[in-house]
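Please read the structure below before turning to the comments.
A quick note: this is a predicted structure, and the numbers were derived from the prediction, not measured.
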Amino acid sequence: MNINFIKTIIAIGISMLIAYGFYCFQKTDAKLILSIGSFIFLSITLIFTIGINFQFPRTTTNVRSISALFFIIGFLINLAFSFFFFSIPIYIIIVGLAILTHVLIVYSISRARQ
């Protein structure tokens with residue numbers, strides 16, 4: 001696994017800007033939780049989408065595809081939570097399950113070595 005630092009920094013910057021956008025749209029007290037959760041989720045998925053290469057091209061393509069799909073899912077989840085009133089435990093559970101599912105799938109793909 002090779003990490004491209006410039007692309008990783010760009011991915012983190014994009015995730016920060018999107019999280020700041022969610023922070024600005026949220027009108028309740030949970031805006032800090034939403035912005036931190038969206039930053040963590042979006043940065044993990046975006047780093048795996050554009051910032052990391054694996055030894056085998058097939059593995060890199062599969063991980064990038066899954067990560068892009070989870071990035072879109074995470075963006076839509078956070079977008080929905082930014083416009084509606086929500087319970088903080090429900091948000092943490094949903095985002096936590098999505099992050100852990102993404103990490104499990106990426107780990108499984110990277111261990112296949114194809």
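- Qualifying side chain to side chain contact (heavy atoms under 4.5 Å, CB included) partners for Ser65, counting only residues two or more places apart in sequence or in other chains: Thr61.
- For Ile9, the side chain to side chain contact (heavy atoms under 4.5 Å, CB included) criterion is met by no residue, not counting sequence neighbours.
- Side-chain N or O atoms of Thr60 include one that pairs as donor or acceptor with a backbone N or O of Phe56 at under 3.5 Å.
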Checklist entry - Could you go step by step and tell me if Thr101 and Phe70 meet the side chain to side chain contact (heavy atoms under 4.5 Å, CB included) rule? => result CA-CA 9 Å; Thr101 303; Phe70 271 89; 3.9 Å; yes
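- The two residues Gly74 and Leu42 come nearest to each other via the heavy atoms C-CD2, 4.1 Å.
- Residues satisfying the ring-ring contact (aromatic ring centres under 6.0 Å, His included) test with Phe71, not counting sequence neighbours, are none.
- Among all heavy-atom pairs drawn from Phe39 and Met16, the shortest one is CE1-CG, 3.4 Å.
- Residues that satisfy the ring-ring contact (aromatic ring centres under 6.0 Å, His included) test with Phe22, not counting sequence neighbours, are Phe75.
- Under the ring-ring contact (aromatic ring centres under 6.0 Å, His included) criterion, Phe41 pairs with no residue at all, not counting sequence neighbours.
- Atoms CG and CD1, on Leu34 and Ile77 in that order, are 11.5 Å from each other to the nearest 0.5 Å.
- When all heavy atoms are compared, the tightest approach of Leu46 to Ser15 is CD2-OG, 3.9 Å.
- Evaluation of the ring-ring contact (aromatic ring centres under 6.0 Å, His included) rule for Tyr23 yields no partner, not counting sequence neighbours.
- Follow the hydrophobic side-chain contacts under 4.5 Å out from Leu100 and you never reach Ile92; the two are in separate clusters.
- Checked against side chain to side chain contact (heavy atoms under 4.5 Å, CB included), Leu76 has the following partners two or more places apart in sequence or in another chain: Ile72.
- Residues Ser67 and His102 come closest through the heavy atom pair OG-NE2, 3.0 Å.
- Think of Ile93 as one node in a network of Ile, Leu, Val, Met, Phe, Trp and Tyr side chains linked at under 4.5 Å; its network also takes in Leu97.
- Closest approach of Gln26 and Ala30 over heavy atoms only: CG-C, 4.3 Å.
- Under the side-chain hydrogen bond (donor to acceptor under 3.5 Å, both in side chains) criterion, Thr45 pairs with no residue, sequence neighbours left out.
- Sorted by first and then second residue, the pairs that involve residues 78-89 and meet side chain to side chain donor-acceptor pair (under 3.5 Å), not counting sequence neighbours, are Asn78-Tyr91.
- With sequence neighbours excluded, the residues forming a side-chain hydrogen bond (donor to acceptor under 3.5 Å, both in side chains) with Asn53 are Arg64, listed by chain and number.
- Under the 4.5 Å side-chain heavy-atom criterion for Ile, Leu, Val, Met, Phe, Trp and Tyr, Phe83 and Ile94 are members of the same hydrophobic cluster.
- Cluster membership check: Tyr20 does not share its hydrophobic cluster with Ile36, using side-chain heavy-atom separations under 4.5 Å among Ile, Leu, Val, Met, Phe, Trp and Tyr.
- Membership of an apolar cluster is not assigned to Leu17, as no side-chain contact below 4.5 Å to another ILVMFWY residue is traced.
- Atoms CD1 and CG, from Ile66 and Leu104 in turn, are 11.0 Å apart once rounded to the nearest 0.5 Å.
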request  = Take Ile40 and Ile99, measure what side chain to side chain contact (heavy atoms under 4.5 Å, CB included) needs, and give me the verdict at the end.
outcome  = CA-CA 9 Å; Ile40 291 171; Ile99 289 174; 4.1 Å; yes
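- In this structure, OG in Ser35 is found 13.0 Å from CD1 in Ile18, a value given to the nearest 0.5 Å.
- When the side chains of ILVMFWY residues are joined at heavy-atom separations under 4.5 Å, either directly or via intervening members, Ile105 and Tyr107 end up in two distinct hydrophobic clusters.
- Scanning both residues, Ser110 and Phe54, for their nearest heavy atoms gives CB-CE2, 3.8 Å.
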Item to complete: Could you please spell out the steps behind the side chain to side chain contact (heavy atoms under 4.5 Å, CB included) verdict for Asn2 and Ile52?
Response: CA-CA 6 Å; Asn2 299 328; Ile52 293 179; over 6 Å; no
